[in-house]
2 protein chains.
Amino acid sequence: MKAVVLAAGRGERLRSSTPKPLTKLFGVALIDRVMENLKRAGVTEVVVVCSDARVERHVRGRARVVRNTQVDRGGGYSLLLGARALEGECFLLVMSDHVFEHELLNRLIEARPECTTLCTDSELEGKNVEEATKVLVDSGLVVELGKHIERFNALDTGVFFCTPEVLEVAESFSGRFSVTDVMNRLAAEGRLRALDVSGCYWRDIDTQEELRRAEEELLRMLVKPADGYVSRHINRKLSVPLSRMLVKTPLTPNAISAISFFTGVASALCFAAGKPAAGGVLAQLSSVVDGCDGEVARLKGRSSAFGAYFDALLDRYADLLIIAGMIAASPAQNWLAGVLAIAGCYSISYTSAKHELYRIPVSGTGRLMQRDMRLFLIFLGGLLGAVYQTLVLIGVAANAVALHRLYRARGGVKNAGGEAGKAA
Amino acid sequence: MKAVVLAAGRGERLRSSTPKPLTKLFGVALIDRVMENLKRAGVTEVVVVCSDARVERHVRGRARVVRNTQVDRGGGYSLLLGARALEGECFLLVMSDHVFEHELLNRLIEARPECTTLCTDSELEGKNVEEATKVLVDSGLVVELGKHIERFNALDTGVFFCTPEVLEVAESFSGRFSVTDVMNRLAAEGRLRALDVSGCYWRDIDTQEELRRAEEELLRMLVKPADGYVSRHINRKLSVPLSRMLVKTPLTPNAISAISFFTGVASALCFAAGKPAAGGVLAQLSSVVDGCDGEVARLKGRSSAFGAYFDALLDRYADLLIIAGMIAASPAQNWLAGVLAIAGCYSISYTSAKHELYRIPVSGTGRLMQRDMRLFLIFLGGLLGAVYQTLVLIGVAANAVALHRLYRARGGVKNAGGEAGKAA
């Protein structure tokens with residue numbers, strides 16, 4: 001798949017000397033967010049249409065650059081230049097000043113469009129409808145789009161799939177014309193499909209106010225439905241403000257994962273050295289920091305599967321070491337409860353991976369002994385000096401929840417892998 | 001999705017009093033294999049066209065039955081009856097006497113066909129080309145099909161996706177006509193697509209000889225590319241013949257998983273009781289039997305994701321208990337090596353699940369410390385009385401391999417889940 005990024009707009013309303021595509025949101029230029037999304041979606045060739053030499057320098061080496069020396073001819077002309085560079089091919093069309101989550105592109109690609117398609121959002125509530133390009137959709141086809149149309153039932157997200165028809169139509173314009181003009185011509189002939197991507201986050205950034213709003217919205221989205229009780233009510237309340245600070249530093253998400261891990265190691269050492277209160281506090285601190293790696297990655301639009309994998313495996317080892325420290329601190333080093341607790345921790349994580357693989361949702365009960373809760377129990381156990389009892393509690397409860405998950409999965413398992421995990 | 005199963009053939013060439021659809025392959029009737037495949041593919045309504053009352057009784061309650069009282073009119077007439085039952089709808093069309101692996105249907109459904117489509121196999125080598133229905137494919141369209149056509153480049157697997165066009169065409173025939181006749185009419189008008197499903201197993205069963213061949217082929221397919229060294233060279237050589245016997249018993253795959261688990265428990269108890277040789281032998285026995293659950297499931301065409309999940313979690317607990325038994329048997333119950341070994345076992349399994357989730361192949365080195373190898377080392381360690389050393393070896397090697405897997409995954413991780421495993 002190939003893509004055209006329109007980045008020739010002047011962005012006067014942002015009142016900044018920086019070209020709009022280079023405007024930063026949580027430290028990452030808008031155009032870099034778009035290009036990261038394209039890369040993750042598997043796009044192999046990107047054409048950036050720009051007018052500013054600074055934008056050209058910024059993306060050089062990562063994209064083919066097409067200079068638009070007639071910006072006055074409008075966004076439609078930029079589209080024409082980009083489409084000419086990919087003549088005869090289908091491509092994704094995105095705007096460099098639109099922030100959107102990666103999932104939006106996924107939905108478009110998974111729909112395997114065969115004709116020109118506009119991603120539309122039919123949830124108007126909470127959106128800046130006034131400023132948005134509005135769309136009238138009927139039976140999956142776009143009837144009309146524009147900023148000032150009277151009847152509409154969706155908004156234009158600025159993400160398109162274009163067939164070579166788009167080039168053909170764009171060539172037929174002269175003078176000043178917009179992307180909307182080109183698309184309206186296709187729509188008038190019944191050749192523009194609409195794909196509803198409601199629920200995916202997107203925002204058009206035209207002003208400083210919208211930039212600020214986008215930051216707020218991204219922060220709010222950090223709380224996830226899969227969060228456990230402790231995570232939602234305690235950890236996120238601490239990790240989100242922390243991430244807001246960390247996102248301004250050069251620390252990468254993987255570096256934050258490592259900091260969380262070493263905080264866990266320090267916790268283990270404290271337990272082993274007979275300082276359970278310090279061990280407990282460090283375990284809970286590690287748990288809070290463990291939220292920040294993913295948060296910073298999402299704020300920067302750079303969350304990656306490898307990052308999640310790296311973090312997950314480090315977490316498993318941190319769990320292991322903390323519990324080993326607790327075994328060392330237990331009376332007569334009674335290892336059996338510790339071994340059970342280790343098994344419980346791993347079983348919860350292992351079943352989480354399996355549920356994700358087979359796409360079985362984890363029920364409320366199934367979320368009870370996730371890492372946020374386990375480390376919180378260790379925190380409490382450390383403060384109370386009840387190290388051995390904590391191991392017993394985790395050993396019993398975590399294994400019970402893991403078996404409950406398995407029990408609940410009967411029948412609910414999709415046919416993902418047949419013989420999955422056989423060779424593990 | 002809906003489906004029509006053609007099961008009205010007489011099957012004279014099988015020389016058996018049992019109707020062909022009820023002929024058993026590894027204890028499972030051919031039609032039950034087909035229906036299991038349809039169920040796994042998400043088919044919600046099945047129409048079975050049959051002529052024999054025994055077949056009707058067999059599938060009643062699981063499918064809508066249409067009786068073909070004019071078998072002499074040929075398979076095309078059965079197709080007509082089935083298509084009439086689903087008038088105006090698209091459906092999958094399968095033959096009750098074709099054995100095929102589930103993956104074949106998956107490929108057809110994932111291709112999201114929009115016109116009538118025949119699954120073809122372009123790998124002719126090793127196939128019974130003489131007896132097969134041959135197909136000439138050109139640019140994705142079927143040009144012609146038949147048993148006796150001169151030019152061909154693929155074989156008809158007997159699996160179709162049908163649009164309502166098929167009913168229309170079938171209605172136009174009179175007298176005796178075959179499925180091939182109907183499809184040829186569509187092909188002549190350029191309305192029959194071909195989907196190449198090469199690499200998927202399928203076989204048409206017409207004779208006792210073909211039934212026997214199918215059994216042999218299914219047995220050969222039990223050795224998997226992901227098998228570890230010990231599994232391939234030792235365990236499968238024992239488990240395949242064992243499965244060949246077990247498949248004739250009423251033992252379900254999950255019951256076999258449980259037997260393997262309790263053999264592991266017995267191994268743990270032997271280690272804890274200071275009988276390492278017996279513990280080692282039982283561990284290896286458990287490992288061999290652990291191969292049989294999946295094998296029996298695959299021979300019966302009934303492997304399921306839940307079965308794999310159930311087996312995988314039981315395996316984790318068996319590993320845990322065996323190592324706990326070994327810790328109990330170690331001098332001064334030195335638990336640290338045991339805890340490391342437990343961590344190593346879980347980390348290999350956990351990373352296996354992650355690699356499957358993110359679809360990253362596990363390299364040769366990454367397969368070194370899979371369960372077959374770990375239990376084999378425990379077997380050897382038990383025989384040699386070197387329990388503690390075995391724990392150290394597994395603890396070091398398994399964790400090293402897990403970290404190696406993580407290291408190798410950099411860059412190779414597909415964007416499957418973004419924040420996967422965060423809440424584990």
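The model shown is predicted, which means the values in this text are computed figures rather than measured ones. Just so we're on the same page: letters track the sequence lines, and every chain starts at 1.
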Taking the six-membered ring of Y407(A), is NZ or CZ of R410(A) closer than 6.0 Å to its centre and within 45° of its axis?
yes

State whether the side chain of T117(A) and the backbone N or O of C115(A) hold a donor-acceptor pair below 3.5 Å, judged by distance alone.
yes

Backbone of S286(B) reached by a side-chain donor or acceptor of S260(B) within 3.5 Å
yes

For chain A, which of T351(B), L403(B), I342(B), I323(B) has the most heavy-atom pairs under 4.5 Å?
T351(B)

Between R302(A) and A297(A) (side chain of the first, backbone of the second, donor and acceptor by atom type, cut-off under 3.5 Å), is there such a pair?
no

Of the backbone (N, CA, C, O) and the side chain (C-beta and beyond), which part of L406(A) lies under 4.5 Å from a heavy atom of chain B, both, or neither?
both

Heavy-atom distances under 4.5 Å only: say whether E101(A) touches chain B with side chain, backbone, both or neither.
neither

Let's test your reading of the structure: which of F310(A), W335(A), Y317(A) forms the most heavy-atom pairs below 4.5 Å with chain B?
W335(A)

Check this for me: does any side-chain nitrogen of one of E36(A) and K300(A) sit under 4.0 Å from a carboxylate oxygen of the other?
no

Per-residue tally against chain B (heavy atom, under 4.5 Å) across N399(A), L336(A), V362(A) peaks at N399(A)

